[in-house]
Each structure stands twice: as C-alpha cells, then as structure tokens.
Asker: 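So that we are looking at the same thing, I have put the structure below in structure tokens.
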Amino acid sequence: MKKLLFLLAIPALGLLVSCGGDDDSAPKPTITINSGAGLTSADGNAPIGSDVTFEIVALSNDKKIKNVSLTLSTNGGTAGVIADSIVGEKTVTWRVVQPISGSTGDLLTFTFTAVDNNGQLDAKSITLLVKAPTRVLEHNVSSQKVYNIQGMEPGAYDLNTETAKSSNDLDANKDLLDLTPATAVFNKSWGSGHGTSKFAKVTSTVFTNAATTTDLEDEWDKVSATSTSTVEDIATDDYILVKTGQVDVDFDIFIIKVTAVEETLSDNLDFIEFSYKGG
C-alpha cells in the first residue's frame, strides 16, 4: 500500500478575496520536486519490486492549492491517477512511496499535478526505466540446435526452459524459430513463434563479459533502438542479443554465441548450433 505523508506549511494570515470561478489570467501554481537522501527526483532506473519515494512542494502564487495528484503512464499509454488529495492550503509538501512493478524495459512516467482555486495548474514528470533486480546469470547453456523447420528435427527453441520445440509445440514457447520457407533452401534466419522476440547482432565482448542480469540489460539499452524482429544471414561466431518480450518469465534477455552453421542440401537436416547465457 502506498504511504502518503503531508507536511502543510501554513502561511501568515492575510486578507483573501474570492472573485468566484476560474481566472485564466491569475498566476499559476508551481511544483518543485525535492531531492535528497532516499528521494527520487529525476529520470533514471528502478528495479522491479523496489519502492521509490517522491516528494514535491506545491505552491499557489495567488490563492490556495485545491488538490494535488499523481498519475502513472506505462510506455506512453493512457495515464491513470494512482494517488491524490484535497489540500486547501497555500503551500503543501506531499510525499508518496510508490512500488515499482511491470516488465523489464517498461517506461513508467509519473506526473505530479497541482491545481489551485483559480483552476490554474502546474505539472512535473519523472520517467523511470524498469530494471530486473541484479543477479548472477542462471542460464549458461551449450551445444543447442535449431534445425531447418522444413525437416523432421525441432525448428524452434525456448530459451527460458532450455528446450528445443517442434512444429507441434505451442508458438508461445518459441523464442527462436527457423524461418526457412517451404520448398526453399535453408535461409539461416530466425524469428519467433510468439512474435515478440527482438534481435541485435553484437560483439564477442558482450558474451564474454556477461555475468549478471544488469550486464545484459545495459547492453540491450545500447542496441534496442536498432533491434529487429528477425535476424538474418546467421554465421558461425555471430553473437546475437535477444529480448523475448515475454511477461511470464523471470528475465527475458539472452546473449547467444553461434558455434556452428551446418548446411545439407538434400535432406533438410540443416541446423544452427549455439551456446547462450541468460537470467
């Protein structure tokens, strides 16, 4: 449950004259996002399951602050109110403790809005990138294969469960899927059965240096803008960073090292062999 702390600064008594209704010409209120120990005051990262603490000061430059609110938008979607309060003071300090949830890679935009008795408002936003808690990579797998899908061997693979998948298996479990068309030669390309995997070819150092989930997230941040839903012309000693985009797994980023590409022209037993690491 979110914890809200209100610290009201009571101004000196003075004469307040109400003109009634909204006044578009009246001075707007101002919001300041406080910084300091334990406070989040700027764009950054936030691990899933952590709590972030925001603190704002809302000041009316004419009458009184009527209310303050906090909304949340995920990945640019419609914002929804997650906390609000009626104030009725010229100045209010408002603290909100917000748990972080979602999937790795989500962008959470928190927007504070203060409205005064004139109907004037001010708003300030902070955007946080959702990260997985840092842990040592649990998957370290070698000698796996994705075969030509037109043959009798498994033409797909589930990176999370470390298992090859055949044509009879659910597409939702196929993070890697051979894309060879019917009646065509082995085209050495991958997509995914569920359609959410993204691929980017990277350097060997990414595979060598990957030790934690944070290592893979940091590398994905560098290449995500140029990643694609398929990867083509796969060759031995290629290094491929994959984000499966699934929400029902603990961690969805993997680094693959291609160890062999075998092409057989007559029997559709072509395959790509690989090793990989992941969370």
Side-chain angles (χ1 to χ4, degrees), residues 44-50 72-78 99-109 127-141 144 146 149 154-167 169-180 187-203 206-207 210 212-234 238-258 272 274-279:
N45 302 325
I48 294 173
S50 66
L72 170 61
S73 168
T74 301
N75 297 326
T78 302
I100 298 299
S101 60
S103 301
T104 57
D106 282 348
L107 287 173
L108 307 181
T109 300
T127 298
L128 300 178
L129 175 64
V130 176
K131 295 280 192 176
T134 299
R135 65 175 188 268
V136 174
L137 297 180
E138 297 175 358
H139 296 278
N140 196 341
V141 187
Q144 303 302 296
V146 171
I149 199 169
Y157 194 87
D158 185 338
L159 293 165
N160 186 59
T161 61
E162 304 177 6
T163 54
K165 298 295 179 181
S166 68
S167 58
D169 291 315
L170 294 175
D171 285 345
N173 298 325
K174 297 174 181 177
D175 303 322
L176 308 178
L177 177 67
D178 178 70
L179 297 179
T180 302
N187 70 354
K188 297 172 287 187
S189 299
W190 286 342
S192 61
H194 46 67
T196 58
S197 289
K198 295 287 187 179
F199 304 88
K201 289 187 179 181
V202 294
T203 64
V206 177
F207 186 90
T212 69
T213 52
T214 299
D215 293 335
L216 292 184
E217 284 188 311
D218 289 345
E219 292 299 332
W220 184 256
D221 290 345
K222 297 175 185 177
V223 301
S224 60
T226 57
S227 65
T228 56
S229 58
T230 63
V231 57
E232 301 175 351
D233 299 320
I234 299 172
D238 275 353
Y239 294 84
I240 305 168
L241 198 60
V242 185
K243 182 176 174 63
T244 67
Q246 295 164 295
V247 298
D248 57 347
V249 299
D250 289 338
F251 191 73
D252 69 343
I253 304 175
F254 302 84
I255 177 63
I256 291 173
K257 175 184 178 180
V258 178
I272 295 171
F274 60 97
S275 302
Y276 71 98
K277 300 178 183 180

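Not measured: the values here are computed from a predicted model.
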Asker: For Val247 and Ser103, work out which heavy atoms get closest and say how close.
Answerer: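 Heavy-atom minimum between the residues: CG1-OG, 3.4 Å.
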Asker: I need the single residue from Phe207, Tyr157, Trp190, Phe199 that forms a side chain to side chain contact (heavy atoms under 4.5 Å, CB included) with Ile256. Which is it?
Answerer: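 By the side chain to side chain contact (heavy atoms under 4.5 Å, CB included) criterion, Ile256 pairs with just one of Phe207, Tyr157, Trp190, Phe199: Trp190.
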Asker: Could you tell me whether a side-chain N or O of Ser197 sits under 3.5 Å from a main-chain N or O of Asp175, the two making a donor and an acceptor?
Answerer: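 Checked: pair present.
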Asker: What closest approach, in Å, do Gly195 and Ser192 show between heavy atoms, and which atom pair accounts for it?
Answerer: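 Looks like N-OG, 3.1 Å.
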Asker: Going through the distances and angles, do Glu217 and Ile253 end up as a side chain to side chain contact (heavy atoms under 4.5 Å, CB included)?
Answerer: CA-CA 7 Å; Glu217 284 188 311; Ile253 304 175; 4.0 Å; yes
Asker: Mind checking the OG-CG spacing from Ser101 to Leu72? Nearest 0.5 Å is all I need.
Answerer: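 Here the interatomic distance stands at 8.0 Å.
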Asker: Test side chain to side chain contact (heavy atoms under 4.5 Å, CB included) on Phe274 and Ile240; report intermediate values, then the result.
Answerer: CA-CA 10 Å; Phe274 60 97; Ile240 305 168; over 6 Å; no
Asker: For a 4.5 angstrom cut-off between non-hydrogen side-chain atoms, does Asp221 reach Leu129?
Answerer: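 Side-chain contact under 4.5 Å: yes.
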Asker: Has Asp106 got a side-chain atom pairing as donor or acceptor with Val130's backbone, closer than 3.5 angstrom?
Answerer: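 Checking the backbone N and O of Val130 against the side chain of Asp106, no donor-acceptor pair under 3.5 Å is found.
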Asker: Using only atom types and a distance under 3.5 Å, with no angle test, would you say the side chain of Lys174 pairs donor to acceptor with the backbone of Asp169?
Answerer: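 Flag set: sc Lys174 to bb Asp169 pair under 3.5 Å.
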Asker: Could you pull out the closest heavy-atom pair between Ser50 and Pro47, with the gap in Å?
Answerer: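 Taking every non-hydrogen atom into account, OG-O, 2.6 Å.
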Asker: Look only at the side chain of Gln246 and the backbone of Asn173, and say whether a donor-acceptor pair between them is shorter than 3.5 Å.
Answerer: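 Here the side-chain-to-backbone pair does not exist.
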Asker: Where do Gly77 and Ser73 come nearest, in terms of heavy atoms and distance?
Answerer: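 Closest approach of Gly77 to Ser73, heavy atoms only: O-OG, 2.5 Å.
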Asker: Do you know the tightest heavy-atom contact between Gly278 and Phe254?
Answerer: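 For Gly278 and Phe254, the tightest heavy-atom pair comes out as CA-CD2, 3.6 Å.
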Asker: Is there a side-chain hydrogen bond (donor to acceptor under 3.5 Å, both in side chains) between Gln144 and Tyr276? Walk through the geometry before answering.
Answerer: CA-CA 9 Å; Gln144 303 302 296; Tyr276 71 98; over 6 Å; no
Asker: So His139 and Asn160, do their side chains get closer than 4.5 Å, heavy atoms only?
Answerer: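 They are in side-chain contact.
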Asker: Decide, yes or no, whether a salt bridge links Asp218 with Lys131 under the criterion of side-chain N to carboxylate O below 4.0 Å.
Answerer: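 Yes, Asp218 and Lys131 are salt-bridged.
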Asker: Scan side-chain atoms only and decide if Thr214 and Thr134 contain a donor-acceptor pair under the 3.5 Å cut-off.
Answerer: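 Short answer, yes.
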Asker: Before giving the answer on side chain to side chain contact (heavy atoms under 4.5 Å, CB included), spell out for Glu232 and Asn187 the whole-Å C-alpha distance, their side-chain angles and the decisive distance to 0.1 Å.
Answerer: CA-CA 8 Å; Glu232 301 175 351; Asn187 70 354; over 6 Å; no
Asker: When you compare the side chain of Leu241 with that of Glu219, does any pair of heavy atoms fall below 4.5 Å?
Answerer: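 A side-chain contact exists here, since the closest heavy-atom pair is under 4.5 Å.
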Asker: When you measure from the side chain of Lys243 to the backbone N and O of Thr196, does any donor-acceptor pair fall under 3.5 Å?
Answerer: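 Absent.
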Asker: Would you say Thr213's side chain and Pro133's backbone share a donor-acceptor pair under 3.5 angstrom?
Answerer: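 Such a contact is found between Thr213 side chain and Pro133 backbone.
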Asker: Might you confirm whether atom NZ of Lys277 has over 12 heavy atoms from other residues, nucleotides or ligands at distances under 6.0 Å?
Answerer: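 Check passes, neighbour count above 12.
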Asker: Would you confirm whether Thr127, through its side chain, and Thr109, through its main-chain N or O, come within 3.5 Å as a donor-acceptor pair?
Answerer: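 No, because the side chain of Thr127 does not come within donor-acceptor range (under 3.5 Å) of the backbone of Thr109.
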Asker: Check whether any side-chain heavy atom of Leu137 lies under 4.5 Å from a side-chain heavy atom of Leu216, and answer yes or no.
Answerer: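 Yes - at least one pair of side-chain heavy atoms lies under 4.5 Å apart.
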Asker: Less than 4.0 Å between a side-chain N and a carboxylate O, is that true for Asp238 and Lys201?
Answerer: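 A salt bridge is present here (some side-chain N lies under 4.0 Å from a carboxylate O).
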Asker: Closest heavy-atom contact between Thr203 and Tyr239?
Answerer: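 Nearest heavy atoms, Thr203 then Tyr239: O-CB, 3.9 Å.
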Asker: Measure the spacing between CG of Asp158 and OG1 of Thr163 and express it to the nearest 0.5 Å.
Answerer: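 One gets 4.5 Å once the value is rounded to the nearest 0.5 Å.
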Asker: Look up atom CZ in Phe251 and atom CZ in Arg135, then write down how far apart they are to the nearest 0.5 Å.
Answerer: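 So the CZ of Phe251 and the CZ of Arg135 are separated by 7.0 Å.
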Asker: Using a 3.5 Å distance criterion without hydrogens, assess whether the side chain of Asp250 forms a donor-acceptor pair with backbone atoms of Gly279.
Answerer: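 No, because the side chain of Asp250 does not come within donor-acceptor range (under 3.5 Å) of the backbone of Gly279.
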